[in-house]
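Reviewing the structure listed below.
This is a predicted model, so every value here is computed, not measured.
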Amino acid sequence: QVQLVESGGGLVQAGGSQRLSCAASGRAASSYVMAWFRQAPGKERDFVAAISRTGSRTNYADSVKGRFTISNDNAKNTVYLQMNSLKPEDTAVYLCAATSLSALTRVPTLYNYWGQGTQVTVSS
C-alpha cells in the first residue's frame, strides 16, 4: 500500500503559477502510475494528468495541455504538478492518485489510492 499527501495549494491570481507536490510513503511511488485529478464544488472528479512509473510517458487533459506539467522524482518519492498560466476555471481541490495498472488511465475508479487533496483557488 501507499499513502499520499498533497501540498502546495493556495490562492493565486489568474495568469500566475503554482506547484503542487504529492509525497508518497509506504510502498514506493515508482511502483505505481501516478496522476492528478481535480474536483470543483458540485462537479465530478476530472482527470488532469498522469505519469508512468519511470516518468517517460505522460498524459494530459486537453484543458491543461501546454499549461501544466507532471513530473516525478523517484529518489524523493514525490510527484509534482507545475501549473502555469492559471485560469479561474482551474479552481478546485487537486487530488493525487496511484494505480497498479500500467496504462495512464483517465478513469478515477481505476485508481486504488488517493490523497486528501489540496485546494487551489485562482482569482480573476
Side-chain angles (χ1 to χ4, degrees):
Q1 287 193 354
V2 63
Q3 293 78 44
L4 305 173
V5 178
E6 303 93 336
S7 61
L11 177 64
V12 63
Q13 287 190 333
S17 298
Q18 202 159 39
R19 188 177 81 158
L20 305 182
S21 299
C22 172
S25 61
R27 196 171 178 186
S30 59
S31 300
Y32 301 92
V33 163
M34 302 292 293
W36 288 95
F37 288 78
R38 64 187 182 186
Q39 190 164 19
K43 295 190 176 182
E44 294 184 347
R45 189 166 292 185
D46 291 334
F47 171 79
V48 175
I51 190 166
S52 63
R53 291 174 176 81
T54 63
S56 60
R57 294 180 296 126
T58 56
N59 186 12
Y60 294 95
D62 288 345
S63 59
V64 306
K65 199 172 294 183
R67 299 190 298 124
F68 290 11
T69 302
I70 188 171
S71 62
N72 59 5
D73 185 338
N74 287 333
K76 295 183 177 180
N77 229 12
T78 301
V79 175
Y80 303 98
L81 185 68
Q82 177 66 44
M83 304 184 295
N84 299 328
S85 302
L86 282 162
K87 305 174 182 180
E89 51 264 43
D90 293 319
T91 295
V93 173
Y94 283 72
L95 303 110
C96 180
T99 178
S100 303
L101 300 176
S102 299
L104 305 187
T105 180
R106 300 185 175 200
V107 180
T109 55
L110 296 181
Y111 284 81
N112 311 93
Y113 305 101
W114 293 85
Q116 292 298 309
T118 185
Q119 176 70 46
V120 173
T121 302
V122 184
S123 63
S124 57

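Considering only heavy atoms from C-beta on, Arg38 comes within 4.5 Å of Ser63 through its side chain. Taking 4.5 Å as the limit, every side-chain heavy atom of Leu101 sits out of range of all side-chain heavy atoms of Val33. In this structure the side chain of Trp114 reaches within 4.5 angstrom of the side chain of Arg45, judged on heavy atoms. Residues Met34 and Leu4 meet the side-chain proximity criterion, which asks for heavy atoms closer than 4.5 Å.
When the side chain to side chain donor-acceptor pair (under 3.5 Å) test is applied to Asn59, the partners found at least two apart in sequence or on another chain are Arg106.
Grouping the Ile, Leu, Val, Met, Phe, Trp and Tyr side chains by contacts below 4.5 angstrom, directly or via other members, places Phe47 apart from Tyr94. Note: the hydrophobic cluster containing Val48 also contains Tyr32 (ILVMFWY, side chain heavy atoms under 4.5 Å, direct or indirect links). Side-chain heavy atoms closer than 4.5 Å link hydrophobic residues (I, L, V, M, F, W, Y) into clusters, and following such links, possibly through other members, connects Val64 to Ile51. Residues Trp36 and Leu104 do not share a hydrophobic cluster, clusters being chains of Ile/Leu/Val/Met/Phe/Trp/Tyr side chains in contact below 4.5 Å. A chain of hydrophobic side-chain contacts below 4.5 Å, direct or via other Ile, Leu, Val, Met, Phe, Trp or Tyr residues, connects Val122 to Met83.
Annotation: cation-pi geometry satisfied between Arg19 and Tyr80 (NZ/CZ under 6.0 angstrom from ring centroid, within 45° of ring axis).
For the pair Asn112 (side chain) and Ser100 (backbone), a donor-acceptor distance under 3.5 Å is present. Under a 3.5 Å cut-off, the side chain of Thr78 and the backbone N or O of Lys76 do form a donor-acceptor pair. Put simply, the side chain of Asn74 gets close to the backbone of Arg53: a donor and an acceptor are under 3.5 Å apart. Without hydrogens or angle criteria, Glu6 side chain to Gln116 main chain gives a donor-acceptor distance under 3.5 Å. Remark: the backbone N or O of Ser52 is not paired with any side-chain donor or acceptor of Arg57 at under 3.5 angstrom. Between the side chain of Ser85 and the backbone N or O of Arg67, no donor-acceptor pair lies under 3.5 Å.
Of all heavy-atom pairs spanning Ala98 and Val2, the tightest one is CB-CG1, 4.2 Å. Heavy-atom minimum distance, Ala40 versus Thr91: CB-O, 3.9 Å. Pairing each heavy atom of Ala49 with each of Leu81, the nearest pair is CB-CD1, 4.3 Å. Here the shortest heavy-atom pairing between Gln82 and Ser17 reads NE2-CB, 3.9 Å.
Sorted by first and then second residue, the ring pair (Phe, Tyr, Trp, His ring centres under 6.0 Å) pairs with a member in residues 49-73 form an empty list; sequence neighbours excluded. Residue pairs meeting the disulfide bond (SG atoms under 2.5 Å apart) criterion with at least one partner in residues 3-113, sequence neighbours excluded, are Cys22-Cys96.
Contact check on Asp90 versus Lys87 returns no salt bridge, with no Lys/Arg side-chain nitrogen under 4.0 Å from an Asp/Glu carboxylate oxygen.
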